[in-house]
Enquirer: 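One structure is given below, represented as C-alpha coordinates, and several questions about it will come after.
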Amino acid sequence: MEKTQRTATLSFDGKVLELPMLSPTVGPDVIDIRKLYAEGDVFTYDPGFTSTASCNSDITFIDGGKGQLLYRGYPIDQLAGKSHYLEVCYLLLYGELPSGDELDEFESRVTNHTMVHEQMHNFFRGFRRDAHPMATMVGVVGAMSAFYHDSTDINDPLQREIASIRLIAKMPTIAAMAFKYSIGQPFVYPRNDLDYASNFLRMCYAVPAEEYEVNPILSRAMDRIFTLHADHEQNASTATVRLAGSSGANPFACIAAGIACLWGPAHGGANEAALDMLREIGTVDRIPEFIARAKDRDDPFRLMGFGHRVYKNFDPRAKVMKESADEVLDLLGIHNNPTLQVAKELEKIALEDEYFVSKKLYPNVDFYSGIILDAMGFPTSMFTPIFALSRTVGWIAQWKEMIGDPTQKIGRPRQLYVGAAARDYVDVEAR
Ligand code: SDX
(Lines give C-alpha, C1' and ligand atoms only; values in the text may rest on other atoms or scores of the structure.)
Protein backbone atom coordinates (compact mmCIF):
# COMPACT_ATOMS: atom_id res chain seq x y z
CA MET A 1 0.00 0.00 0.00
CA GLU A 2 1.71 3.13 -1.20
CA LYS A 3 1.87 5.81 1.50
CA THR A 4 -0.42 8.68 0.38
CA GLN A 5 1.37 12.00 -0.07
CA ARG A 6 0.26 14.43 2.64
CA THR A 7 -0.61 17.85 1.25
CA ALA A 8 -1.41 21.32 2.57
CA THR A 9 -4.40 22.98 0.92
CA LEU A 10 -4.04 26.67 0.10
CA SER A 11 -7.10 28.44 -1.18
CA PHE A 12 -7.31 32.10 -2.26
CA ASP A 13 -8.85 34.18 -5.08
CA GLY A 14 -10.90 31.17 -6.19
CA LYS A 15 -7.80 28.97 -6.50
CA VAL A 16 -7.18 25.80 -4.49
CA LEU A 17 -3.61 24.54 -4.42
CA GLU A 18 -2.50 21.21 -2.94
CA LEU A 19 1.08 21.65 -1.76
CA PRO A 20 3.12 18.53 -0.83
CA MET A 21 4.18 18.18 2.81
CA LEU A 22 7.59 16.66 3.55
CA SER A 23 8.53 15.00 6.84
CA PRO A 24 12.02 15.21 8.40
CA THR A 25 13.81 12.61 10.53
CA VAL A 26 13.06 14.92 13.46
CA GLY A 27 11.68 18.45 13.71
CA PRO A 28 8.79 20.30 12.02
CA ASP A 29 7.22 19.08 8.77
CA VAL A 30 7.71 21.39 5.80
CA ILE A 31 5.32 22.56 3.08
CA ASP A 32 6.99 22.27 -0.31
CA ILE A 33 6.20 25.57 -2.06
CA ARG A 34 8.55 25.12 -5.03
CA LYS A 35 5.57 25.11 -7.44
CA LEU A 36 3.63 27.87 -5.66
CA TYR A 37 4.58 30.70 -8.04
CA ALA A 38 4.09 28.59 -11.17
CA GLU A 39 0.70 27.29 -10.04
CA GLY A 40 -0.55 30.18 -7.87
CA ASP A 41 1.24 33.23 -9.29
CA VAL A 42 2.15 34.33 -5.75
CA PHE A 43 5.31 34.45 -3.60
CA THR A 44 5.67 33.72 0.12
CA TYR A 45 7.09 36.49 2.32
CA ASP A 46 9.61 35.70 5.10
CA PRO A 47 12.42 38.35 5.21
CA GLY A 48 14.35 36.84 8.17
CA PHE A 49 13.65 33.25 7.12
CA THR A 50 11.94 32.68 10.49
CA SER A 51 9.66 30.00 8.95
CA THR A 52 11.58 29.01 5.83
CA ALA A 53 13.70 25.92 5.18
CA SER A 54 16.28 26.79 2.51
CA CYS A 55 17.55 23.25 1.93
CA ASN A 56 17.45 19.70 3.15
CA SER A 57 20.45 18.62 5.17
CA ASP A 58 21.63 15.63 7.23
CA ILE A 59 24.52 17.34 8.99
CA THR A 60 23.27 19.20 12.08
CA PHE A 61 19.96 19.46 13.92
CA ILE A 62 18.84 21.88 16.63
CA ASP A 63 15.77 21.35 18.81
CA GLY A 64 15.29 24.91 20.06
CA GLY A 65 12.60 23.90 22.53
CA LYS A 66 14.67 21.19 24.19
CA GLY A 67 17.99 23.03 23.89
CA GLN A 68 19.44 20.13 21.90
CA LEU A 69 22.20 20.25 19.26
CA LEU A 70 23.14 17.15 17.24
CA TYR A 71 26.11 16.80 14.88
CA ARG A 72 25.19 13.88 12.56
CA GLY A 73 22.88 12.69 15.38
CA TYR A 74 25.43 12.87 18.20
CA PRO A 75 24.57 15.30 21.08
CA ILE A 76 27.01 18.20 21.41
CA ASP A 77 27.62 17.60 25.13
CA GLN A 78 28.76 14.03 24.43
CA LEU A 79 31.06 15.13 21.61
CA ALA A 80 32.48 17.99 23.71
CA GLY A 81 33.14 15.58 26.57
CA LYS A 82 34.35 12.47 24.73
CA SER A 83 35.56 13.47 21.25
CA HIS A 84 38.01 16.05 19.93
CA TYR A 85 37.85 18.64 17.18
CA LEU A 86 39.49 16.79 14.30
CA GLU A 87 37.35 13.72 14.99
CA VAL A 88 34.29 16.03 14.97
CA CYS A 89 35.56 17.48 11.67
CA TYR A 90 35.67 13.97 10.21
CA LEU A 91 32.13 13.31 11.51
CA LEU A 92 30.74 16.53 10.03
CA LEU A 93 32.50 16.05 6.68
CA TYR A 94 31.88 12.32 6.11
CA GLY A 95 28.81 11.57 8.25
CA GLU A 96 30.15 8.86 10.57
CA LEU A 97 32.65 8.63 13.43
CA PRO A 98 35.98 7.37 12.01
CA SER A 99 37.76 4.14 12.85
CA GLY A 100 41.18 4.53 14.46
CA ASP A 101 42.95 4.15 11.10
CA GLU A 102 40.55 6.54 9.35
CA LEU A 103 41.13 9.14 12.06
CA ASP A 104 44.92 8.77 11.89
CA GLU A 105 44.86 9.18 8.10
CA PHE A 106 42.60 12.22 8.30
CA GLU A 107 44.67 13.91 11.01
CA SER A 108 47.82 13.25 8.98
CA ARG A 109 46.26 14.88 5.89
CA VAL A 110 45.23 17.94 7.87
CA THR A 111 48.58 18.19 9.67
CA ASN A 112 50.46 18.15 6.36
CA HIS A 113 48.48 21.11 5.00
CA THR A 114 48.90 23.53 7.93
CA MET A 115 51.58 25.72 6.34
CA VAL A 116 50.50 28.57 4.05
CA HIS A 117 52.20 29.61 0.81
CA GLU A 118 55.25 31.71 1.76
CA GLN A 119 54.06 34.54 -0.51
CA MET A 120 51.07 34.98 1.85
CA HIS A 121 53.45 36.43 4.41
CA ASN A 122 53.89 39.39 2.05
CA PHE A 123 50.12 39.62 1.61
CA PHE A 124 49.73 40.16 5.35
CA ARG A 125 52.28 42.97 5.26
CA GLY A 126 49.95 45.05 3.09
CA PHE A 127 47.56 45.53 6.02
CA ARG A 128 47.85 48.16 8.75
CA ARG A 129 49.13 46.62 12.00
CA ASP A 130 46.01 47.87 13.81
CA ALA A 131 43.61 46.22 11.36
CA HIS A 132 40.99 44.05 13.12
CA PRO A 133 42.07 40.41 12.68
CA MET A 134 38.67 39.64 11.15
CA ALA A 135 39.36 42.18 8.39
CA THR A 136 42.69 40.46 7.75
CA MET A 137 41.10 37.00 7.72
CA VAL A 138 38.38 37.98 5.25
CA GLY A 139 41.06 39.33 2.92
CA VAL A 140 43.58 36.52 3.28
CA VAL A 141 41.06 33.66 3.01
CA GLY A 142 39.47 35.27 -0.03
CA ALA A 143 42.95 35.57 -1.54
CA MET A 144 43.63 31.85 -1.06
CA SER A 145 42.05 31.28 -4.48
CA ALA A 146 44.99 33.31 -5.86
CA PHE A 147 47.46 30.91 -4.25
CA TYR A 148 45.80 27.51 -4.60
CA HIS A 149 44.53 27.44 -8.20
CA ASP A 150 44.74 23.62 -8.25
CA SER A 151 41.78 23.28 -5.85
CA THR A 152 39.24 25.79 -7.14
CA ASP A 153 37.34 23.65 -9.68
CA ILE A 154 34.16 22.89 -7.75
CA ASN A 155 33.09 20.27 -10.33
CA ASP A 156 36.09 18.07 -9.52
CA PRO A 157 35.41 16.06 -6.34
CA LEU A 158 39.13 15.60 -5.74
CA GLN A 159 39.74 19.37 -5.90
CA ARG A 160 36.77 19.94 -3.58
CA GLU A 161 38.33 17.51 -1.11
CA ILE A 162 41.79 19.13 -1.32
CA ALA A 163 40.31 22.63 -0.86
CA SER A 164 38.33 21.37 2.15
CA ILE A 165 41.41 19.92 3.84
CA ARG A 166 43.48 23.02 3.00
CA LEU A 167 40.90 25.35 4.56
CA ILE A 168 40.52 23.30 7.76
CA ALA A 169 44.28 22.94 8.05
CA LYS A 170 45.26 26.52 7.26
CA MET A 171 42.63 28.51 9.17
CA PRO A 172 44.49 28.22 12.52
CA THR A 173 47.70 29.31 10.81
CA ILE A 174 45.98 32.29 9.18
CA ALA A 175 44.18 33.28 12.41
CA ALA A 176 47.43 33.05 14.38
CA MET A 177 49.25 35.08 11.71
CA ALA A 178 46.52 37.75 11.92
CA PHE A 179 47.04 37.86 15.68
CA LYS A 180 50.85 37.98 15.49
CA TYR A 181 50.70 40.68 12.81
CA SER A 182 48.38 42.81 14.96
CA ILE A 183 50.80 42.69 17.93
CA GLY A 184 53.96 43.21 15.89
CA GLN A 185 55.45 39.80 16.57
CA PRO A 186 56.97 37.45 13.97
CA PHE A 187 54.85 34.71 12.44
CA VAL A 188 55.31 31.27 13.99
CA TYR A 189 55.29 28.23 11.68
CA PRO A 190 53.04 25.26 12.52
CA ARG A 191 54.62 22.09 13.93
CA ASN A 192 53.62 18.60 12.77
CA ASP A 193 54.32 17.04 16.17
CA LEU A 194 51.53 19.06 17.84
CA ASP A 195 47.79 18.41 17.86
CA TYR A 196 45.48 20.91 16.17
CA ALA A 197 44.63 23.03 19.24
CA SER A 198 48.17 22.95 20.64
CA ASN A 199 49.55 24.01 17.26
CA PHE A 200 47.20 27.00 17.21
CA LEU A 201 48.14 28.08 20.74
CA ARG A 202 51.84 27.78 19.96
CA MET A 203 51.49 29.78 16.73
CA CYS A 204 49.71 32.47 18.76
CA TYR A 205 51.97 32.63 21.81
CA ALA A 206 55.43 31.29 20.94
CA VAL A 207 58.25 33.80 20.31
CA PRO A 208 61.67 33.08 18.79
CA ALA A 209 63.36 34.23 21.97
CA GLU A 210 62.37 31.18 24.01
CA GLU A 211 60.82 27.71 23.92
CA TYR A 212 57.04 27.56 24.30
CA GLU A 213 55.41 24.71 26.19
CA VAL A 214 51.69 24.24 25.50
CA ASN A 215 49.61 24.08 28.68
CA PRO A 216 47.46 20.92 28.28
CA ILE A 217 44.63 22.58 30.19
CA LEU A 218 44.52 25.38 27.65
CA SER A 219 44.80 23.10 24.62
CA ARG A 220 41.97 20.91 25.93
CA ALA A 221 39.81 24.01 26.52
CA MET A 222 40.75 25.38 23.08
CA ASP A 223 39.86 22.09 21.39
CA ARG A 224 36.50 22.04 23.19
CA ILE A 225 35.75 25.61 22.08
CA PHE A 226 36.50 24.58 18.49
CA THR A 227 34.07 21.64 18.79
CA LEU A 228 31.28 23.74 20.32
CA HIS A 229 31.41 26.21 17.41
CA ALA A 230 31.88 23.73 14.55
CA ASP A 231 28.43 23.79 12.94
CA HIS A 232 24.91 25.06 13.61
CA GLU A 233 22.36 24.35 10.84
CA GLN A 234 21.53 27.22 8.48
CA ASN A 235 22.77 30.16 10.58
CA ALA A 236 23.43 33.45 8.79
CA SER A 237 27.06 32.74 7.86
CA THR A 238 26.36 29.16 6.73
CA ALA A 239 23.44 30.40 4.64
CA THR A 240 25.86 32.96 3.16
CA VAL A 241 28.36 30.24 2.25
CA ARG A 242 25.62 28.15 0.64
CA LEU A 243 24.29 31.10 -1.34
CA ALA A 244 27.77 32.09 -2.54
CA GLY A 245 28.49 28.45 -3.41
CA SER A 246 25.23 28.11 -5.35
CA SER A 247 26.64 30.48 -8.02
CA GLY A 248 29.64 28.16 -8.51
CA ALA A 249 32.09 30.46 -6.70
CA ASN A 250 35.29 28.74 -5.56
CA PRO A 251 35.39 27.40 -1.97
CA PHE A 252 37.89 29.99 -0.73
CA ALA A 253 35.63 32.85 -1.89
CA CYS A 254 32.61 31.16 -0.26
CA ILE A 255 34.37 30.74 3.10
CA ALA A 256 35.56 34.37 2.95
CA ALA A 257 31.90 35.38 2.48
CA GLY A 258 31.00 33.31 5.55
CA ILE A 259 33.73 35.00 7.60
CA ALA A 260 32.44 38.42 6.57
CA CYS A 261 28.89 37.55 7.65
CA LEU A 262 30.00 35.94 10.92
CA TRP A 263 31.71 39.20 11.92
CA GLY A 264 28.40 40.95 12.64
CA PRO A 265 27.64 41.59 16.37
CA ALA A 266 24.25 39.89 16.00
CA HIS A 267 26.10 36.73 14.95
CA GLY A 268 29.67 35.62 15.61
CA GLY A 269 30.77 39.12 16.60
CA ALA A 270 28.62 38.74 19.74
CA ASN A 271 31.41 37.00 21.69
CA GLU A 272 33.61 40.09 21.45
CA ALA A 273 30.61 42.35 22.18
CA ALA A 274 29.50 40.19 25.13
CA LEU A 275 32.84 40.44 26.93
CA ASP A 276 33.05 44.17 26.23
CA MET A 277 29.53 44.48 27.70
CA LEU A 278 30.46 42.47 30.82
CA ARG A 279 33.48 44.71 31.31
CA GLU A 280 31.35 47.83 30.82
CA ILE A 281 28.94 46.57 33.48
CA GLY A 282 32.03 46.00 35.65
CA THR A 283 30.33 45.18 38.95
CA VAL A 284 27.27 43.24 40.00
CA ASP A 285 25.52 46.32 41.40
CA ARG A 286 25.37 47.89 37.91
CA ILE A 287 23.51 44.92 36.36
CA PRO A 288 19.97 46.32 36.91
CA GLU A 289 20.88 49.43 34.90
CA PHE A 290 21.84 47.30 31.89
CA ILE A 291 18.85 44.98 32.25
CA ALA A 292 16.61 48.07 32.14
CA ARG A 293 18.35 49.31 29.00
CA ALA A 294 17.96 45.90 27.34
CA LYS A 295 14.20 46.03 28.04
CA ASP A 296 13.80 49.61 26.80
CA ARG A 297 12.40 49.44 23.27
CA ASP A 298 13.73 52.94 22.59
CA ASP A 299 17.25 51.86 23.49
CA PRO A 300 19.06 49.84 20.79
CA PHE A 301 21.16 48.18 23.53
CA ARG A 302 20.76 44.42 23.76
CA LEU A 303 22.29 41.98 26.20
CA MET A 304 25.04 40.54 24.02
CA GLY A 305 25.31 36.78 24.38
CA PHE A 306 21.59 36.45 25.09
CA GLY A 307 18.79 35.29 22.81
CA HIS A 308 18.73 33.12 19.75
CA ARG A 309 16.56 32.65 16.66
CA VAL A 310 16.21 28.93 17.28
CA TYR A 311 16.99 28.21 20.96
CA LYS A 312 14.01 29.04 23.16
CA ASN A 313 15.66 27.13 25.96
CA PHE A 314 19.28 26.98 27.11
CA ASP A 315 21.86 26.88 24.28
CA PRO A 316 23.51 23.52 25.12
CA ARG A 317 26.84 24.98 24.03
CA ALA A 318 26.52 27.73 26.63
CA LYS A 319 26.02 25.08 29.32
CA VAL A 320 29.22 23.26 28.33
CA MET A 321 31.07 26.56 27.96
CA LYS A 322 29.93 27.67 31.45
CA GLU A 323 31.27 24.43 32.97
CA SER A 324 34.52 24.88 31.06
CA ALA A 325 34.83 28.47 32.23
CA ASP A 326 34.69 27.34 35.86
CA GLU A 327 37.18 24.52 35.17
CA VAL A 328 39.68 26.55 33.13
CA LEU A 329 39.71 29.54 35.48
CA ASP A 330 40.08 27.24 38.49
CA LEU A 331 42.89 25.24 36.90
CA LEU A 332 44.61 28.47 35.89
CA GLY A 333 44.31 29.62 39.48
CA ILE A 334 42.11 32.54 38.48
CA HIS A 335 39.60 32.62 41.35
CA ASN A 336 36.76 35.10 41.73
CA ASN A 337 37.23 36.40 38.21
CA PRO A 338 35.11 39.59 38.40
CA THR A 339 33.92 39.22 34.81
CA LEU A 340 32.74 35.67 35.45
CA GLN A 341 31.01 36.79 38.64
CA VAL A 342 29.19 39.52 36.73
CA ALA A 343 28.28 37.02 33.98
CA LYS A 344 26.82 34.48 36.41
CA GLU A 345 24.86 37.16 38.32
CA LEU A 346 23.65 38.72 35.07
CA GLU A 347 22.48 35.33 33.84
CA LYS A 348 20.69 34.66 37.16
CA ILE A 349 18.94 38.06 37.21
CA ALA A 350 18.01 37.94 33.51
CA LEU A 351 16.54 34.46 33.79
CA GLU A 352 14.28 35.62 36.64
CA ASP A 353 13.16 38.76 34.81
CA GLU A 354 9.71 38.57 33.20
CA TYR A 355 10.93 40.29 30.00
CA PHE A 356 13.57 37.63 29.35
CA VAL A 357 11.36 34.79 30.54
CA SER A 358 8.48 35.86 28.29
CA LYS A 359 10.76 36.25 25.26
CA LYS A 360 12.62 33.01 26.08
CA LEU A 361 15.99 34.77 26.06
CA TYR A 362 18.73 32.48 27.37
CA PRO A 363 22.51 32.78 27.25
CA ASN A 364 23.87 31.59 23.91
CA VAL A 365 27.25 30.20 22.88
CA ASP A 366 28.79 33.68 22.87
CA PHE A 367 27.98 34.53 26.48
CA TYR A 368 30.65 32.47 28.24
CA SER A 369 33.16 31.83 25.45
CA GLY A 370 34.72 35.28 25.82
CA ILE A 371 35.45 34.68 29.50
CA ILE A 372 37.47 31.56 28.72
CA LEU A 373 39.26 33.14 25.75
CA ASP A 374 40.08 36.20 27.87
CA ALA A 375 41.49 33.95 30.63
CA MET A 376 43.57 32.17 27.96
CA GLY A 377 45.18 35.50 27.09
CA PHE A 378 43.38 36.35 23.84
CA PRO A 379 42.39 39.97 23.17
CA THR A 380 38.66 40.42 22.39
CA SER A 381 39.58 41.12 18.75
CA MET A 382 40.62 37.46 18.41
CA PHE A 383 37.33 36.01 19.70
CA THR A 384 35.48 36.07 16.38
CA PRO A 385 38.49 34.86 14.36
CA ILE A 386 38.52 31.82 16.68
CA PHE A 387 34.80 31.35 16.04
CA ALA A 388 35.50 31.58 12.27
CA LEU A 389 38.36 29.06 12.57
CA SER A 390 36.04 26.64 14.40
CA ARG A 391 33.09 27.11 12.04
CA THR A 392 35.14 26.54 8.86
CA VAL A 393 34.47 22.80 8.97
CA GLY A 394 30.72 23.41 9.28
CA TRP A 395 30.73 25.86 6.40
CA ILE A 396 32.68 23.37 4.27
CA ALA A 397 30.48 20.40 5.18
CA GLN A 398 27.36 22.40 4.28
CA TRP A 399 28.99 23.73 1.08
CA LYS A 400 29.98 20.20 -0.02
CA GLU A 401 26.45 18.96 0.72
CA MET A 402 24.97 21.76 -1.40
CA ILE A 403 27.44 21.28 -4.29
CA GLY A 404 26.86 17.52 -4.22
CA ASP A 405 23.05 17.88 -4.39
CA PRO A 406 22.03 17.19 -8.02
CA THR A 407 18.86 19.26 -7.53
CA GLN A 408 20.65 22.36 -6.26
CA LYS A 409 20.08 25.59 -8.18
CA ILE A 410 21.50 29.08 -7.82
CA GLY A 411 19.85 30.79 -4.86
CA ARG A 412 17.82 33.75 -6.03
CA PRO A 413 15.10 35.01 -3.62
CA ARG A 414 12.18 37.07 -4.94
CA GLN A 415 10.75 40.18 -3.18
CA LEU A 416 7.65 42.10 -2.18
CA TYR A 417 8.15 45.21 -4.34
CA VAL A 418 6.74 48.34 -2.71
CA GLY A 419 8.52 50.92 -4.89
CA ALA A 420 7.21 53.17 -7.65
CA ALA A 421 5.20 51.67 -10.52
CA ALA A 422 6.57 52.30 -14.04
CA ARG A 423 6.75 56.05 -14.79
CA ASP A 424 8.32 58.21 -17.55
CA TYR A 425 11.58 60.17 -17.23
CA VAL A 426 11.14 63.91 -16.57
CA ASP A 427 13.75 66.35 -17.94
CA VAL A 428 15.47 68.45 -15.31
CA GLU A 429 13.95 71.63 -16.70
CA ALA A 430 10.48 70.23 -16.03
CA ARG A 431 11.13 69.03 -12.43
C1 SDX B 1 25.13 33.30 17.14
O2 SDX B 1 21.80 31.34 14.12
C3 SDX B 1 22.71 30.75 14.77
O4 SDX B 1 22.71 29.54 14.92
C5 SDX B 1 23.83 31.65 15.28
C6 SDX B 1 24.85 31.01 16.18
C7 SDX B 1 25.69 29.99 15.45
O8 SDX B 1 26.26 29.12 16.12
O9 SDX B 1 25.87 30.16 14.22
O10 SDX B 1 24.18 30.36 17.26
C11 SDX B 1 25.81 32.05 16.75
O12 SDX B 1 25.05 34.19 16.33
C13 SDX B 1 24.49 33.40 18.48
C14 SDX B 1 23.72 34.74 18.68
C15 SDX B 1 24.75 35.81 19.04
N16 SDX B 1 24.10 37.16 19.08
C17 SDX B 1 23.92 37.81 20.21
O18 SDX B 1 24.15 37.35 21.33
C19 SDX B 1 23.42 39.25 20.02
C20 SDX B 1 22.25 39.53 20.97
N21 SDX B 1 21.11 38.72 20.56
C22 SDX B 1 20.12 39.37 19.68
O23 SDX B 1 20.67 40.23 18.74
C24 SDX B 1 19.11 38.35 19.13
O25 SDX B 1 18.70 37.59 20.18
C26 SDX B 1 19.52 37.44 18.00
C27 SDX B 1 20.05 38.19 16.84
C28 SDX B 1 20.52 36.45 18.45
C29 SDX B 1 18.25 36.66 17.56
O30 SDX B 1 17.48 37.54 16.90
P31 SDX B 1 15.95 37.18 16.50
O32 SDX B 1 15.64 35.76 16.57
O33 SDX B 1 15.70 37.87 15.23
O34 SDX B 1 15.17 37.77 17.69
P35 SDX B 1 14.55 39.20 17.68
O36 SDX B 1 15.63 40.18 17.36
O37 SDX B 1 13.35 39.19 16.82
O38 SDX B 1 14.14 39.34 19.21
C39 SDX B 1 12.89 38.85 19.65
C40 SDX B 1 12.54 39.80 20.80
C41 SDX B 1 12.64 41.28 20.40
O42 SDX B 1 11.74 41.98 21.19
P43 SDX B 1 10.30 42.40 20.50
O44 SDX B 1 10.65 43.22 19.26
O45 SDX B 1 9.61 41.10 20.15
O46 SDX B 1 9.62 43.20 21.57
O47 SDX B 1 13.49 39.62 21.86
C48 SDX B 1 14.22 40.82 22.06
C49 SDX B 1 14.04 41.69 20.81
O50 SDX B 1 14.11 43.04 21.14
N51 SDX B 1 15.62 40.43 22.21
C52 SDX B 1 16.46 40.94 23.10
C53 SDX B 1 17.67 40.24 22.91
N54 SDX B 1 17.53 39.36 21.92
C55 SDX B 1 16.26 39.49 21.48
N56 SDX B 1 16.32 41.91 24.04
C57 SDX B 1 17.41 42.18 24.78
N58 SDX B 1 18.61 41.56 24.66
C59 SDX B 1 18.76 40.59 23.74
N60 SDX B 1 19.93 39.97 23.62
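Because the structure is predicted, anything quoted here is derived from the model rather than measured. What you see below is based on every heavy atom in this structure, not just the backbone, and it leaves out hydrogens, waters and symmetry mates. Both counts, for ligands and for their atoms, begin at 1 and track the order of listing.
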Enquirer: Is there at least one pair of N or O atoms, one from D315 and one from ligand 1, spaced under 3.5 Å apart?
Expert: no
Enquirer: May I ask you to check whether F356 has an N/O atom sitting below 3.5 Å from an N/O atom of ligand 1?
Expert: no
Enquirer: Looking at R293 and E289, does any basic side-chain N land under 4.0 Å from a carboxylate oxygen?
Expert: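 So R293 does not pair with E289 through a salt bridge.
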Enquirer: Regarding R317 and D366, does a basic nitrogen lie under 4.0 Å from an acidic carboxylate oxygen?
Expert: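 So R317 does not pair with D366 through a salt bridge.
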Enquirer: With a cut-off of 4.0 Å, which atoms of ligand 1 are near a heavy atom of G305?
Expert: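 Those atoms are 17 (C), 18 (O).
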Enquirer: Could D153 and R160 be called an ion pair, given the rule that one side-chain N must be under 4.0 Å from one carboxylate O?
Expert: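 Result for this pair is no, no salt bridge flagged.
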Enquirer: Please verify the inter-ring angle class for F179 with F378; under 30° counts as parallel, over 60° as perpendicular, anything in between as tilted.
Expert: tilted
Enquirer: With a 4.0 Å heavy-atom cut-off (strictly under), which part of F367 contacts ligand 1: side chain, backbone, both or neither?
Expert: neither
Enquirer: Could you check atom 47 (O) of ligand 1 against the protein and tell me its nearest heavy-atom contact, residue, atom and distance included?
Expert: K359 CD, 3.5 Å
Enquirer: Quick check: does F306 get an N/O under 3.5 Å from an N/O on ligand 1?
Expert: yes
Enquirer: Describe, in one word, how the ring planes of F387 and H229 are oriented to each other, choosing from parallel (under 30°), tilted (30 to 60°) and perpendicular (over 60°).
Expert: perpendicular
Enquirer: Please check if atom CZ in R129 has more than 12 non-hydrogen atoms from other residues, nucleotides or ligands closer than 6.0 Å.
Expert: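 More than 12 within 6.0 Å, yes.
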Enquirer: So with a 6.0 Å cut-off around NZ of K319, is the heavy-atom count from everything else above 12?
Expert: no
Enquirer: Specify the protein heavy atom at minimum distance from atom 29 (C) of ligand 1: its residue, its atom name, and the distance to 0.1 Å.
Expert: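 Its nearest protein heavy-atom neighbour is R309 N, 3.8 Å.
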Enquirer: Please report which non-hydrogen protein atom sits nearest to atom 19 (C) of ligand 1, along with the residue it belongs to and the distance in Å to one decimal place.
Expert: M304 CE, 3.5 Å
Enquirer: If you take the nearest heavy atom of each of M277, H308, E233, which one is closest to atom 6 (C) of ligand 1?
Expert: H308
Enquirer: Using the ring of each side chain (for Trp, its six-membered ring), is Y311 parallel, tilted or perpendicular to H232, with breaks at 30° and 60°?
Expert: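 Judged by the thresholds at 30° and 60°, the geometry between Y311 and H232 is tilted.
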Enquirer: Under 4.0 angstrom from atom 26 (C) of ligand 1, is there any protein heavy atom?
Expert: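 Given the 4.0 Å cut-off, atom 26 (C) of ligand 1 does not count as touching protein heavy atoms.
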Enquirer: Among all protein heavy atoms, pick the one closest to atom 14 (C) of ligand 1 and tell me residue, atom and distance.
Expert: N364 ND2, 3.6 Å
Enquirer: Please report whether atom 39 (C) of ligand 1 has a protein non-hydrogen atom at a separation of less than 4.0 Å.
Expert: no
Enquirer: Tell me which part of R317 gets within contact of ligand 1: side chain, backbone, both or neither, using heavy atoms under 4.0 Å.
Expert: side chain
Enquirer: Looking only at heavy atoms, what is the nearest atom pair of L340 and A325, with distance?
Expert: CD1-CB, 4.4 Å
Enquirer: Give the ring-plane orientation class for H117 versus F147, where under 30° counts as parallel, over 60° as perpendicular and anything between as tilted.
Expert: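 Rings of H117 and F147: tilted, as their planes differ by 30° to 60°.
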Enquirer: N/O of I62 under 3.5 Å from N/O of ligand 1, yes or no?
Expert: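 So ligand 1 has no N or O lying under 3.5 Å from an N or O of I62.
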Enquirer: Identify, by atom number and element, the atoms of ligand 1 in contact range of N235, meaning under 4.0 Å from any of its heavy atoms.
Expert: 2 (O), 3 (C), 4 (O), 5 (C), 9 (O)
Enquirer: Which protein non-hydrogen atom lies closest to atom 55 (C) of ligand 1, naming both residue and atom, and how far is it?
Expert: L361 CD2, 3.6 Å
Enquirer: Is it true that P265 lies under 4.0 Å from ligand 1, counting heavy atoms only?
Expert: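 For ligand 1, residue contact (heavy atoms, under 4.0 Å) with P265 is present.
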Enquirer: If you define the side chain from C-beta out and look only at heavy atoms, does anything of R34 sit under 4.5 Å from E39?
Expert: no
Enquirer: Side chain, backbone, both or neither: which part of A274 has a heavy atom under 4.0 Å from ligand 1?
Expert: neither
Enquirer: Will you find, in the side chains of H84 and E107, an N or O donor that is under 3.5 Å from an N or O acceptor?
Expert: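 Present: a donor and an acceptor within the cut-off.
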Enquirer: List the steps, then state whether salt bridge (Lys or Arg N to Asp or Glu O under 4.0 Å) holds for D104 with R109.
Expert: CA-CA 9 Å; D104 290 347; R109 272 196 292 148; over 6 Å; no
Enquirer: Any salt bridge between K295 and D353, counting N to O under 4.0 Å?
Expert: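 A salt bridge links K295 with D353.
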Enquirer: Please examine the side chains of T114 and N192, heavy atoms only from C-beta on, and report whether any two atoms are closer than 4.5 Å.
Expert: yes
Enquirer: Contact between ligand 1 and G48 is defined here as a heavy atom of the residue under 4.0 Å from a ligand atom; is it met?
Expert: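 Contact absent.
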Enquirer: Do D58 and R72 pass the salt bridge (Lys or Arg N to Asp or Glu O under 4.0 Å) test, and can you show the C-alpha distance, the side-chain angles, and the key distance before you say yes or no?
Expert: CA-CA 7 Å; D58 59 8; R72 299 286 190 180; 2.9 Å; yes
Enquirer: Determine, considering heavy atoms only, which of R302, K360, R297 sits nearest to atom 23 (O) of ligand 1.
Expert: R302
Enquirer: Could you tell me whether atom 44 (O) of ligand 1 has at least one protein heavy atom nearer than 4.0 Å?
Expert: yes
Enquirer: If you count the atoms of ligand 1 from 1 in the order shown, which ones are under 4.0 Å from a heavy atom of A270?
Expert: 15 (C), 16 (N), 17 (C), 18 (O)
Enquirer: Which option out of H229, R293, R391 puts a heavy atom nearest to atom 7 (C) of ligand 1?
Expert: R391
Enquirer: Tell me the protein heavy atom at minimum distance from atom 16 (N) of ligand 1, and give that distance in Å.
Expert: A266 O, 2.9 Å
Enquirer: In the protein, which heavy atom is nearest to atom 4 (O) of ligand 1, and how far is it?
Expert: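 Going by distance alone, atom 4 (O) of ligand 1 is nearest to H232 ND1, 2.6 Å.
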Enquirer: Who's the nearest protein heavy-atom neighbour of atom 15 (C) of ligand 1, and how far?
Expert: D366 OD2, 3.2 Å
Enquirer: Indicate yes or no: does an N/O atom of L303 lie under 3.5 Å from an N/O atom of ligand 1?
Expert: yes
Enquirer: Tell me, please: is F301 in heavy-atom contact with ligand 1, that is, under 4.0 Å?
Expert: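 Checking ligand 1 against F301, which is what was asked, there is no heavy-atom contact under 4.0 Å.
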